[in-house]
2 protein chains.
Amino acid sequence: MRKLDESLLTHLPPFSELGREQIREILDRATPQRYDTGDTVFHEGEEAGRFFLLLDGYVRVVRMTAEGEHVTVLHIAAGQLFGIAAALGNERYPASAVAASDTIALGWPMRLWHDFTATYPGFAASGYKTVGNRMEEIHKRVVEMATQQVEQRVANALLRLITQMGRRTDAGIEVDFPITRQDLSEMTGTTLHTVSRLLSAWEKRGIVESKRKHIMVREPHQLVMLAEPAVSS
Amino acid sequence: MRKLDESLLTHLPPFSELGREQIREILDRATPQRYDTGDTVFHEGEEAGRFFLLLDGYVRVVRMTAEGEHVTVLHIAAGQLFGIAAALGNERYPASAVAASDTIALGWPMRLWHDFTATYPGFAASGYKTVGNRMEEIHKRVVEMATQQVEQRVANALLRLITQMGRRTDAGIEVDFPITRQDLSEMTGTTLHTVSRLLSAWEKRGIVESKRKHIMVREPHQLVMLAEPAVSS
DNA sequence: TCGAAAGTTTGCGCTAGGACAATGTGACGG
DNA sequence: CCGTCACATTGTCCTAGCGCAAACTTTCGA
């Protein structure tokens, strides 16, 4: 296997303060891994043996209920750490990680988490910042689920997807990985039927455009309007 | 003001590994503070100037929507750290903290967070563990809100309250701080009316017993049954 | 090239639970 | 002791959105 290039990491937050040799050390201990769309990187409840950096693609963080229903907690984009259970004092992964598109990740044995945070300046801070951002995002989810209607939640979910993992095209912004109505319903706590109806309605109004597994937002601003709670006055 | 006694902290996780003198140092830098029921310890969005340890009482972590609705994210019991924004790389508090009962807390300037984590063994780990537990709890909230009916959510919320902050009495387990239907509805994303109806129904069945601002669970096991998703078969 | 599987759309009926409204009741300050 | 306020209960109505069901379409493997 050929050596990984240092440029992979140099500009990423967890490593941006580090020198060439330090990055070399880190890379030499990493195991790169490919995952196809739908592959599971790790399972909820499994012993947290490794932590990861997503180099390319997208990963979905999913929890499953006793009844087998899936709930998507958040999405992770390239450049971010994930599976960092150790940062939170967990022995096991609290949720599953599933590749939302074909992805490449670097993995390290979890015991190195403590080495890395102790040794490399900025690494710990960056990791905790990541945790903080996710905490913030999940808080928002809770508030949304507690206060908003389904249409607003789906609009918000879609807006989040295009801002965080959208691909700009000449016709609008497209979600950068294959996504089904079912996926969107698992992000918003509704059914694929309702999502389908909403997307159909939005498509009629020219706000979105979608083909099987692809969703493109033509009028983000319109979607923002839909995402806001209905004004009564 | 008289000196705080070291025994306040010795057995609490963040400090359990520390010696007498270290605890003394920590206490000497703390500012104790009383809060009456309903007082706000800090506001969402406010600059995160201090972090706290709850010595006695209960604190509610609340977020507010643009429309002024409150959503209770979680509750904190005595012995726990809170307002630890710095642990997550936040400059501002991501939510408000409101005293759910008369409480006493110790506060430290936020810059000491870094000193404490660097200086005192076990302190950092304990703080991150706290964050991890809360993350886990919020995950569960998201899953509940996405998959369960209102009755199940309220039952779950009540179960959580009596396990984490319940007071055993001879007639059952009582929520250990004043709590209204409104409060419970803000924890579960429903209305106070629906909560009232549920509690009335449960009271008729002898599962709970409630007077104004007090809720006692007589039959926790029955409540557990209600908290589980309806079995169809 | 064809069939099956996966994803999507749409119709219809029903109900959980929200909105609105009115009344009841315990607590507390003057 | 009384008035007021905060909290609680309950009834009635109504609709968002789920469950169920059927049909359609795209993709992909044999």
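Source: prediction; values computed, not measured.
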* Donor on one side chain, acceptor on other, B/Ser210 and B/Arg181, under 3.5 Å ->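 On atom types as modelled, these side chains qualify, holding a pair under 3.5 Å.
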* Asked: Does a side chain donor of either B/Thr180 or B/Asp183 reach within less than 3.5 Å of an acceptor in the other side chain?
  ->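 Side chains of B/Thr180 and B/Asp183: pair found under 3.5 Å.
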* To do: Identify which nucleotide among C/dT25, C/dT8, C/dT10 has an atom closest to any side-chain atom of A/His193, counting heavy atoms from C-beta outward.
  =>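 Closest of the options to the side chain of A/His193: C/dT10.
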* Asked: A/Thr180 side chain N/O closer than 4.0 Å to the phosphate oxygens (OP1, OP2) of C/dG7?
  ->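 For C/dG7, OP1/OP2 do not have a side-chain N/O of A/Thr180 under 4.0 Å.
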* Structure fact -> Residue pairs passing the salt bridge (charged side-chain N to carboxylate O under 4.0 Å, His left out) test with at least one member in residues 65-82 of chain A, sequence neighbours excluded, are none
* Describe, in one word, how the ring planes of B/Tyr58 and B/Phe177 are oriented to each other, choosing from parallel (under 30°), tilted (30 to 60°) and perpendicular (over 60°). =>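 Aromatic pair B/Tyr58/B/Phe177 classed tilted.
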* To do: Would you mind reading off the distance between A/Gln182 atom CD and C/dT9 atom P, rounded to a whole angstrom?
  =>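 Roughly 13 Å, once rounded to whole Å.
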* Take B/Glu136 and A/Arg63 through the test salt bridge (Lys or Arg N to Asp or Glu O under 4.0 Å) and record every step on the way to the result. => CA-CA 11 Å; B/Glu136 172 69 13; A/Arg63 289 186 70 122; 3.2 Å; yes
Counting N and O atoms only, with roles assigned by atom type, does the side chain of [X] sit under 3.5 Å from a partner on the main chain of [Y], one being a donor and the other an acceptor?
{"X": "B/Arg92", "Y": "B/Ala85", "answer": "no"}
{"X": "A/Arg50", "Y": "A/Gly83", "answer": "no"}
{"X": "A/Ser200", "Y": "A/Ser196", "answer": "yes"}
{"X": "B/Glu44", "Y": "B/Met64", "answer": "yes"}

* Could you go through the salt bridge (Lys or Arg N to Asp or Glu O under 4.0 Å) check for A/Arg153 and A/Glu144 one step at a time? => CA-CA 7 Å; A/Arg153 298 208 303 268; A/Glu144 269 178 30; over 6 Å; no
* **Residues forming a side-chain hydrogen bond (donor to acceptor under 3.5 Å, both in side chains) with B/Gln182, sequence neighbours excluded** =>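 Scan of B/Gln182 (side-chain hydrogen bond (donor to acceptor under 3.5 Å, both in side chains), adjacent residues dropped) gives B/Glu186.
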* Test side chain to side chain contact (heavy atoms under 4.5 Å, CB included) on A/Arg134 and B/Met135 and set out the steps. => CA-CA 9 Å; A/Arg134 290 186 194 160; B/Met135 188 70 110; 4.3 Å; yes
* To do: Go through DNA chain D in 5' to 3' direction and return only the first and the last nucleotide with some atom under 4.0 Å of chain A's heavy atoms.
  => D/dA16 to D/dT27
* Enumerate the residues from residues 197-205 of chain B whose closest heavy atom to DNA chain D is under 4.0 Å, giving them by residue number; use none for an empty result. =>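 Close to the strand are B/Arg197, B/Ser200.
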* **Donor-acceptor pair under 3.5 Å, A/Arg212 side chain vs C/dA6 base** =>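 Per atom types, the contact qualifies.
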Listing time: all N or O pairs from protein to nucleotides 13-17 of chain C that are below 3.5 Å?
from: C/dG17; atom 1: OP1; to: B/Val150; atom 2: N; distance (Å): 2.8

* Structure fact -> As a check of understanding: the bend across the helix from C/dT1-D/dA30 to C/dG30-D/dC1, end axes from five pairs, rounded to 10 degrees, works out to 40°
* Asked: Which part of the nucleic acid, if any, lies within contact of B/Lys211, taking any heavy atom under 4.0 Å across all strands shown: a base, the sugar-phosphate backbone alone, or nothing?
  -> nothing
* So, are A/Lys211 and A/Glu203 salt-bridged, with charged N and O less than 4.0 Å apart? -> no
